[in-house]
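Beneath this line is the structure, given in structure tokens, with notes to follow.
Each ligand, and each atom within it, is numbered from 1 in the order the structure gives. Only heavy atoms go into these numbers, but all of them, side chains included; no hydrogens, no water, no symmetry mates.
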Amino acid sequence: MSTPPTLDRVAIATLKGVGPKMAEKLASLSIRSVQDFLFHLPLRYQDRTRITPIGALQPGMDAVIEGDVKAADIVFGRRRSLVCRLQDGTGTVTLRFFHFSAAQKQNLTQGTRLRCYGEARRGASGLEFYHPEYQAVDPGQPLNIETSLTPIYPSTEGLSQLGWRKLNQQALQLLQPNTLIEWLPDIPTINGQQIRLEQALLYLHQPPTDAPTQLLREGEHPYQQRLAFEELLAHNLSLLKLRQQTQQQGAPSFTDGDQLSQQFIEQLGFTLTSAQQRVVTEINNDLQQRKPMLRLVQGDVGSGKTVVAALAAIKALASGYQVALMAPTEILAEQHFNNFCQWLQPLGISLGWLTGKVKGKQRSQQLTAIAEHQTQMIIGTHALFQDEVQFAKLGLVIIDEQHRFGVHQRLALKEKARQEVGHPHQLIMTATPIPRTLAMSAYADLDTSVIDELPPGRTPINTVVIDNGRRAQVIERIRSACSEQRQAYWVCTLIEESETLAAQAAEDSCELLTAALPDLKVGLIHGRMKADQKVAVMEAFKTHQLDVLVATTVIEVGVDVPNASLMIIENAERLGLAQLHQLRGRVGRGSTASHCVLMYQSPLGQLGKQRLQTMRASSDGFVIAEKDLALRGPGELLGTRQTGLMQLRIADLERDSHLLEQVQATAEQLLRQHPEAIDPLIKRWLADSEQYAQV
Ligand code: ADP
Ligand code: MG
């Protein structure tokens with residue numbers, strides 16, 4: 001007896017009705033095999049087993065309705081549409097078609113009885129169905145005997161739901177226990193029930209009419225959870241595989257540098273916190289290995305990550321290697337450059353500086369110095385990783401404020417490092433605490449260290465939330481803080497990411513404050529200014545030649561002026577919580593009590609209120625990040641929405657976080673005992689994603 005081929009090997013074109021054109025359409029949805037087709041899961045379900053009275057319809061409801069055509073007219077509005085009014089004894093609804101034929105209109109004669117399937121939505125004329133499926137029926141004609149709920153698939157133009165269902169019937173007939181490979185070592189148990197893959201797929205494509213629709217809608221049905229588990233596993237594996245590949249590459253082992261480190265610590269003027277010490281030890285341990293370090297250091301704003309990075313740099317430098325430090329903005333790069341010059345020049349280290357704005361002769365000189373190892377430590381923006389930058393002997397890459405770069409760039413950088421400059425160690429520092437659930441999934445390829453302690457002597461920041469309308473009161477606070485020789489930030493925010501508009505807003509606020517506070521010196525900084533101008537303004541604020549600094553969100557990261565004790569954020573409701581936390585972290589760095597004023601434009605919605613309350617109630621970056629995740633979703637938080645990295649089909653990081661521990665354990669087990677299962681699983685779930693292309 002011959003065994004049937006597994007469905008990953010059966011081309012979609014073998015299904016009846018799939019010609020070259022249809023195959024192309026399906027390929028655009030990453031569907032090439034029958035397996036791919038079966039893993040294209042319904043978005044939602046319709047219950048076609050009963051008719052809903054029109055009068056009982058609610059917006060958002062998927063329903064079957066039946067009624068008589070009252071009228072059908074072509075309406076010339078913003079878009080030409082065919083509008084058909086349908087009524088039963090209980091009410092009237094509108095069916096609206098933007099694409100229609102003359103014949104279609106003719107068939108909708110008054111009095112025709114129609115049965116319609118679709119979603120009721122709030123429209124121009126009350127409840128409307130857009131492009132519903134419909135058929136003419138005889139009054140009293142019984143419903144087709146539906147044996148399952150009707151799945152609705154995410155589709156593309158030219159592929160109707162009816163088309164999906166027809167293909168699906170064929171695909172499901174091919175689905176048998178032995179045509180779909182179960183790659184998991186043990187059948188996962190969800191809610192005490194072992195669920196086989198083909199069982200879950202069969203169910204989700206054709207749930208029985210008595211299926212618990214509430215669970216299905218929320219993605220919490222055990223069969224959905226079974227698939228979510230496998231999907232999360234596939235993502236996890238792809239990252240672990242990436243990590244494994246990196247680790248197979250050799251890296252230099254840094255064993256020198258103890259004496260230099262000692263010298264550095266002695267000149268600091270403070271002692272490391274025990275959290276800093278612990279992380280330094282973890283890093284040093286990595287740097288001695290002959291495989292590349294891939295470590296993420298998380299530490300709340302002000303926890304002292306820079307010193308930790310400097311100690312790692314010293315290890316590499318003392319062993320005769322170059323170090324590159326990349327920051328997300330010019331300002332932050334500049335600030336690091338100043339710090340590191342102060343710290344490392346006395347130790348005899350030569351430092352260089354490279355951003356997109358370093359041009360001409362200066363640039364070519366710097367590039368030569370890097371290529372010939374005259375520059376030992378180079379600091380800059382992402383310009384550091386352009387092709388023209390050739391390192392002589394790069395041993396360590398440090399990336400600050402990682403979330404700004406996004407996972408995609410992290411991967412690209414890894415690639416670049418591998419091809420062009422050997423296999424350096426990597427240290428990634430982030431002030432945006434990454435919630436555990438995300439760390440376990442999006443960052444499974446990194447080791448993590450946490451600096452969970454602030455340097456001593458910091459006073460907690462008192463946060464208040466105030467209506468924009470009470471501006472005069474806020475200005476009074478500035479006057480009073482500055483009269484005590486303190487300094488203040490005033491941050492302008494915009495909805496759009498337009499630096500031009502943001503610059504304008506900041507200029508306006510600066511004018512206003514200058515007029516309101518004639519005795520104080522008010523400075524201005526925004527993204528449209530030249531780099532050297534920005535540096536000059538920052539320097540003036542740092543040396544207290546300015547009392548107030550009006551800024552766009554460019555100051556968000558890294559700026560360190562301990563004498564500043566007041567942070568005012570205009571239109572705070574426009575920013576994400578993580579970003580607000582970052583901004584607020586610019587104060588509270590000295591020994592005096594600091595304040596943060598979050599101004600908002602009323603009226604503030606429920607969500608907005610909740611967000612600002614969170615900021616007021618907590619100063620713990622982790623708590624805030626968890627809340628941010630809950631309110632905004634992981635894509636936004638990680639900046640990966642565009643990269644496709646975490647585009648999950650059925651899993652939901654938050655909802656399914658309880659699965660992650662088991663996912664992780666299973667991933668490790670597969671890696672150790674069943675490496676042959678890894679590629680097929682990744683391919684099954686991530687076939688076309690960008691991330692898979694990197695594996
Ligand atoms: P972040 O983690 O936000 O990057 P920084 O590295 O900029 O924080 O450090 C914030 C401030 O705290 C800096 O002025 C730094 O010199 C200071 N600092 C760092 N570690 C300590 C420490 N152990 N004791 C006292 N001050 C410290
Ligand atoms: Mg920093």
Side-chain angles (χ1 to χ4, degrees), residues 261-262 264-281 283 295-314 325-344 346 379-381 398-405 427-434 448-461 487 489 538-539 541-544 553-565 567 578-592 594 596 619-622 624-625:
S261 303
Q262 206 46 49
F264 167 75
I265 290 173
E266 274 161 22
Q267 74 173 20
L268 271 180
F270 52 74
T271 48
L272 297 185
T273 62
S274 55
Q276 282 171 318
Q277 252 155 18
R278 173 169 40 78
V279 174
V280 166
T281 309
I283 292 170
R295 186 168 288 278
L296 178 74
V297 172
Q298 292 180 42
D300 212 342
V301 194
S303 62
K305 293 182 290 293
T306 323
V307 177
V308 169
L311 280 161
I314 287 171
L325 191 163
M326 175 164 76
T329 65
E330 295 253 336
I331 290 204
L332 185 55
E334 177 81 28
Q335 175 135 11
H336 278 319
F337 184 65
N338 291 340
N339 269 338
F340 278 82
C341 281
Q342 248 179 48
W343 286 337
L344 300 186
I379 295 173
T381 54
I398 302 169
I399 304 173
D400 193 13
E401 308 292 356
Q402 196 266 336
H403 72 289
R404 282 297 185 101
F405 290 101
L427 183 66
I428 295 153
M429 302 189 291
T430 178
T432 303
I434 297 158
T448 17
S449 295
V450 183
I451 309 182
D452 50 5
E453 179 187 358
L454 291 180
R458 301 273 166 88
T459 40
I461 305 162
Q487 291 166 277
Y489 293 102
M538 256 349 279
E539 196 52 34
F541 190 61
K542 222 174 164 167
T543 53
H544 205 163
T553 45
V554 293
I555 65 150
E556 179 192 339
V557 279
V559 176
D560 190 22
V561 181
N563 192 49
S565 67
M567 165 68 63
Q579 211 179 354
L580 286 173
H581 181 64
Q582 289 267 327
L583 279 170
R584 181 170 60 181
R586 300 304 116 206
V587 295
R589 304 194 148 210
S591 50
T592 34
S594 290
C596 174
S619 58
D620 181 333
F622 280 84
I624 290 170

Location of contacts on M429 toward ligand 1, heavy atoms closer than 4.0 Å: neither
Side chain, backbone, both or neither: which part of T306 has a heavy atom under 4.0 Å from ligand 1? both
Numbered atoms and elements of ligand 1 in range of [X], under 4.0 angstrom, heavy atoms:
{"X": "T273", "result": "23 (N)"}
{"X": "L272", "result": "23 (N)"}
{"X": "T271", "result": "22 (C), 23 (N), 24 (N)"}
{"X": "P455", "result": "20 (N), 21 (C), 22 (C), 24 (N), 25 (C), 26 (N), 27 (C)"}
{"X": "V301", "result": "3 (O)"}

Heavy-atom proximity to atom 2 (O) of ligand 1 ranks first, among K305, Q277, E453, Q335, for K305
Considering G269, A310, G304, A275, which one's heavy-atom position lies nearest to atom 9 (O) of ligand 1? G304
Could you report the tightest heavy-atom contact between [X] and [Y], atom names first, then the distance?
{"X": "D300", "Y": "G621", "value": "OD2-N, 3.0 Å"}
{"X": "P328", "Y": "D400", "value": "CD-O, 3.5 Å"}
{"X": "S261", "Y": "I314", "value": "OG-CG2, 3.7 Å"}
{"X": "A313", "Y": "I398", "value": "CB-CD1, 4.3 Å"}

Looking at [Y], is its backbone amide N or carbonyl O close enough to the side chain of [X] to form a donor-acceptor pair, meaning the two atoms are under 3.5 Å apart?
{"X": "Q487", "Y": "F541", "answer": "yes"}
{"X": "R278", "Y": "V450", "answer": "yes"}
{"X": "Q276", "Y": "V308", "answer": "no"}

If you measure every N or O of G302 against every N or O of ligand 1, does any of those distances drop under 3.5 Å? yes
Sub-4.0 Å heavy-atom approach of I451 to ligand 1: no
Residue-ligand contact G299/ligand 1, heavy atom below 4.0 Å: no
For the NE2 atom of H581 and the SG atom of C596, what is their distance to the nearest 0.5 Å? 11.0 Å
